[in-house]
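See structure below.
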Amino acid sequence: MTPIIRVEDIAKYDGQEVTVQGWVYNRTDKGKLVFLLVRDGTGFVQCVAFKGDMTEAIFDQLVRLPQESSLVITGLVRADRRAPGIPGGYEVGIKQVQMFQTASEDYPMALKEHGPDFALDHRHLWIRMPSQWAILRVRATVIAAIREWLDTNGYINMDTPILTPAACEGTTTLFETEYFDEGKAYLAQSGQLYNEANIMAFGKVYCFGPTFRAEKSKTRRHLTEFWMVEPEIAFCDLDQLMEVEEQLVTHIVKRVYRERMPELKSLERDLSWLEKIEPPFPRLSYDDATSKIQELYQAETDPEKKELLKFEWGMDFGSPHETALTNLYEKPVFVYGYPTQVKAFYMEPWPGRPEVCKSVDLLAPEGYGEIIGGSERMFDHDLLLQRIHEHDLPEQAFQWYLDLRKYGSVPHSGFGMGVERTVAWLCGIEHIREAIPYPRTIKRVYP
RNA sequence: UCCUCGCUAGCUCAAUUGGCAGAGCGGGCGGCUGUUAACCGCUAGGUUCGAGGUUCAAGUCCUCGGCGAGGAGCCA
C-alpha cells in the first residue's frame with residue numbers, strides 16, 4: 001500500500017512510490033510519452049506515462065484523457081528540474097491509474113487569460129487555475145495570520161451582528177431587508193460600534209466577518225461584499241494604534257512569505273517589496289501629505305495626470321493622490337490627522353485643532369492604497385451627542401452607544417483592515433475580485 | 001449618478017479607405033520517448049450583442065437599446 005500524498009509535500013517522497021489523487025489540469029503527448037499535469041488541491045505535479053510501462057489500452061486512455069478528468073495515480077516520485085508544477089521540480093512516473101470520471105470534452109476554461117466577464121461567469125471553474133488557486137491559498141494564510149496574531153496578543157474574538165437596526169456610520173448606502181414586525185434591517189457595514197461596547201467588557205477584541213456596502217462603486221478596489229477584521233482596544237491612543245497596525249501587518253507579510261512562497265512565485269510576485277516590510281512604517285500627517293501632493297502636482301507635466309493630482313487642504317484623498325503618495329515610499333505609510341469634515345462622526349478631535357481628528361489610514365505601497373482605516377474614538381459624551389446631531393443621525397438608535405461614554409469612558413482606538421485589498425497587495429494582482437472566492441460586485445451575484 | 005472604452009467561432013483576438021468572415025488556442029483524426037500554453041499535418045466550427053437607418057455594398061458609418069469593463073464620487 002503506497003501512501004496517498006499531498007502534492008505540496010512531494011519533496012519528502014523523492015525516490016518513493018506514492019499515490020496522488022486529483023484532476024488532470026493539462027495533458028500533452030509525444031509519441032510514446034504522455035505528460036499529465038495533475039492538481040490535487042494542494043499543488044500541481046507532472047505525471048509521466050511511458051507506453052512500454054503499461055498495457056496499450058491504458059496508455060491509449062491516457063493519451064485521450066480530457067482536461068479535468070478525475071483519477072488516482074500511483075507511481076515513483078523523482079526529482080527532475082524540467083518538471084513543471086507548484087511547487088514543481090518533481091514528477092511521478094506513472095505505474096497504475098484508476099479513473100473516477102472521464103470529463104466531458106467541452107471544458108470551457110482554456111489554459112490562458114480570459115476576459116473578466118467570461119472568467120467570472122465561470123468562477124466555479126476558474127478557481128481551479130493556478131493563478132486563482134494561488135491567490136486564494138494566500139488569502140487563507142492571510143486570514144490565518146490575522147487570527148493568529150490577534151489571538152496570541154490578548155485579543156478576544158467577539159462576533160458582531162450582520163443584521164443591524166440602523167446605519168452604523170450614517171453616510172454610506174446599505175443593503176436593506178424586511179425584518180418581521182420590526183421594520184427595516186440593514187446588512188452591517190462595520191462591527192466597530194459594537195466592538196466599542198465589547199472592549200468595555202473585554203479590553204481588547206476583534207470581529208472578523210463579511211461587511212456590505214450598497215454603494216455603486218465600480219472600480220478595481222471595490223466589492224459589495226467583502227471581509228474585514230476590526231480590532232478595538234481600550235486604553236489605546238492614536239500612536240499606540242499605529243504600533244498595533246504595523247505589528248499586525250508585518251506578521252501577516254512574514255507568514256505569507258514563509259508559507260506561500262510557491263504560490264507567490266507562480267504569481268510572479270516581485271518578492272523584494274515584501275522583504276522590506278518591517279516596523280516602523282513611515283508616519284505622515286495629513287498636513288505634510290497635502291504639501292507632498294501639491295509638490296507632485298507642481299512637478300507633473302502631463303496635463304491629464306496633473307488635473308487628477310489637484311488637491312487642497314480639506315479634501316479627502318482620491319485614488320490618484322493615494323497612488324502618487326505611496327509611490328514615494330517602499331513600505332506602507334501611515335497618514336494621520338485628517339480633516340474632521342471628511343471622516344466619520346465618532347472620531348476624537350485633535351487636541352487644540354478641532355478641524356482635525358485623530359484618524360489614521362494605512363496606505364499600501366505600489367499603488368495599492370488604503371488597506372486600513374482607523375482612529376481614536378470620541379471620549380466625551382456631550383461632544384459625541386453633538387456630532388450625532390450634526391450628522392443628522394437618529395439619537396434614539398445611538399442611545400446604547402452614548403451609554404458607553406456615561407459608564408466608564410476611556411480613551412480607545414480601533415481600525416478596520418480590508419482582507420481582499422491586503423491579499424491583492426500581497427499577491428500583486430490588479431483587481432480585488434480575484435482575492436475572494438465568489439466576488440460580489442454591483443453587476444454580479446452569480447455564481 | 002457621471003465620464004471613457006469595448007462587444008466578431010467554445011476562448012483570446014485580427015479584418016487597411018465601407019469591398020470574398022480570418023488566425024491562434026480549445027475539439028476531432030493522424031504523427032513523434034522529455035513536453036513546459038509542446039510541435040507538425042488534416043479537419044469541423046459564424047444570428048459579427050439586438051433593432052432600425054445610410055449605401056450598389058456595413059463587422060466597419062449613423063440612431064436607439066442591451067450587456068460588460070475601469071475611472072470619478074464614496075469607501076476597506
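Chain naming here is simple, since letters A, B, ... match the order of the sequence lines and numbering starts at 1 in each.
- Here, B/C29 and B/G71 have their C1' atoms 49 Å apart, quoted to the whole Å.
- Ranking B/G10, B/A76, B/U35 by closeness to the A/Arg82 side chain, first place goes to B/U35.
- Taking 4.0 Å as the cut-off between side-chain N and carboxylate O, A/Asp117 and A/Arg444 count as a salt-bridged pair.
- The distance between atom CG of A/Leu36 and atom P of B/A37, rounded to the nearest whole Å, is 16 Å.
- The residue A/His222 sits close to a base: some heavy atom pair falls under 4.0 Å.
- Residue A/Leu308 is out of contact with every strand shown, counting any heavy-atom pair closer than 4.0 Å.
- The side chain of A/Lys112 contributes no N or O atom lying less than 4.0 Å from OP1 or OP2 of B/U12.
- Of the side-chain N and O atoms in A/Arg433, one or more sit less than 4.0 angstrom from OP1 or OP2 of B/G70.
- The listed nucleotides are B/G68, B/G34, B/A76; the one nearest the side chain of A/Lys443 is B/G68.
- Side-chain proximity of A/Glu105 to the nucleotides B/G34, B/A76, B/G27 is greatest for B/G27.
- Ring planes of A/Tyr286 and A/Phe317: tilted class, angle from 30 to 60°.
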- Message: What does the B/S/- profile of nucleotides 39-47 of chain B look like, 5' to 3', with a 4.0 Å heavy-atom cutoff to protein?
- Response: ---------
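- Taking atom C1' on both nucleotides, B/A21 is separated from B/U16 by 16 Å, rounded to a whole Å.
- Classified by interplanar angle (parallel below 30°, tilted 30° to 60°, perpendicular above 60°), the ring pair A/Trp149/A/Tyr155 is tilted.
- What separates NZ of A/Lys218 from C1' of B/U4 is a distance of 11 Å, to the nearest Å.
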- Item | Full working for ring pair (Phe, Tyr, Trp, His ring centres under 6.0 Å) between A/Phe345 and A/Phe398 | CA-CA 12 Å; A/Phe345 72 93; A/Phe398 289 92; 5.5 Å; yes
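- Rounding to whole angstrom units, CD of residue A/Glu225 and P of B/C75 are separated by 21 Å.
- Between A/Arg220 and B/A69 there is no side-chain polar atom (N or O) within less than 4.0 angstrom of OP1 or OP2.
- Using the Watson-Crick or G-U wobble rule with both distances under 3.5 Å, B/C25 pairs with B/G10.
- To the nearest whole angstrom, the two P atoms, one in B/G66 and one in B/G27, are 38 Å apart.
- At a threshold of 4.5 Å between non-hydrogen side-chain atoms, the residues A/Thr173 and A/Arg213 do not count as touching.
- A gap of 48 Å separates the P atoms of B/G59 and B/G34, to the nearest Å.
- Here the side chain of A/Thr219 is nearest to one of B/C32, B/C75, B/A72, namely B/A72.
- Close to B/A69, at under 4.0 Å from its OP1 or OP2, lies no side-chain N or O of A/Arg444.
- Pairing for B/C64 is with B/G50, a Watson-Crick or G-U wobble pair whose two hydrogen-bonding atom distances lie under 3.5 Å.
- With a 3.5 Å ceiling on both atom-pair distances, the Watson-Crick or G-U wobble partner of B/U1 is B/A72.
- In this structure, NZ of A/Lys216 is placed 17 Å from C1' of B/G71, rounded to the nearest angstrom.
- Residue A/Lys30 places at least one side-chain N or O closer than 4.0 Å to OP1 or OP2 of B/G34.
- Out of B/U12, B/C74, B/G34, the shortest distance to the side chain of A/Glu215 is found at B/C74.
- Using a cutoff of 4.0 Å between basic side-chain nitrogens and carboxylate oxygens, A/Arg283 and A/Glu246 are scored as salt-bridged.
- Considering only side-chain N and O atoms, A/Arg81 lies nowhere under 4.0 angstrom from the phosphate OP1 or OP2 of B/G34.
- For A/Lys306 and A/Tyr297, the positive end sits near the middle of the six-membered ring, less than 6.0 Å away and at most 45° from its axis.
- Among the nucleotides B/G34, B/C75, B/U12, the one closest to the side chain of A/Val48 is B/G34.
- Checked by atom type and distance alone, the side chain of A/Arg123 pairs as donor or acceptor with a backbone atom of A/Pro437 at under 3.5 Å.
- Taking atom CD on A/Glu307 and atom P on B/A72, their separation rounds to 13 Å, with Å as the unit.
- Residue A/Pro66 is classed as having no contact, given no heavy-atom separation below 4.0 Å to the nucleic acid.
- Salt bridge annotation for A/Arg39-A/Glu8: absent, with no cationic side-chain nitrogen under 4.0 angstrom from a carboxylate oxygen.
- Contacts of A/Ser319 with the nucleic acid, taken as non-hydrogen atoms under 4.0 Å apart, involve only primed sugar atoms and P, OP1 or OP2.
- Closest approach of A/Ala49 to A/Leu62, counting heavy atoms only: CB-CD1, 3.7 Å.
- In the interface, the side chain of A/Arg421 is paired with the base of B/C75 through a donor and an acceptor atom under 3.5 Å apart.
- Distance CZ (A/Phe226) to P (B/A76): 7 Å, rounded to an integer number of Å.
- B/U35 and B/C49 are spaced 40 Å apart, taking the C1' atom of each and rounding to whole Å.
- Mapping A/Gly115 and A/Gln67 onto RNA chain B by nearest heavy atom places A/Gly115 closer to the 5' end of the strand.
- With salt bridges taken as basic N to acidic carboxylate O contacts below 4.0 Å, none links A/Arg377 and A/Glu348.
- Both distances falling under 3.5 Å, in either a Watson-Crick or a G-U wobble arrangement, occur for no nucleotide opposite B/U16.
- Rounded to an integer number of Å, the gap from A/Ile442 CD1 to B/C67 P is 12 Å.
- Across all strands shown, A/Phe35 has heavy atoms under 4.0 Å from base atoms, whether or not it also approaches the sugar-phosphate.
- In this structure, of B/G68, B/G34, B/G70, it is B/G34 that holds the atom nearest to the side chain of A/Glu91.
- Distance check on atom P: B/U48 versus B/A9 gives 9 Å, rounded to whole Å.
- Neither OP1 nor OP2 of B/A76 sits under 4.0 Å from any side-chain N or O of A/Thr211.
- Between the CG atom of A/Asn26 and the C1' atom of B/G26 there is a distance of 11 Å, rounded to whole Å.
- When the C1' atom is compared between B/G70 and B/A14, the two are found 24 Å apart, to the nearest whole Å.
- Summarising the base pairing, B/C39 is matched to B/G31 through a Watson-Crick or G-U wobble pair whose two defining distances lie under 3.5 Å.
- The base of B/C74 sits within donor-acceptor range of the side chain of A/Ser217, with an N or O pair under 3.5 Å.
- The same atom, P, is picked in B/U54 and in B/U60; the two are 15 Å apart, to the nearest Å.
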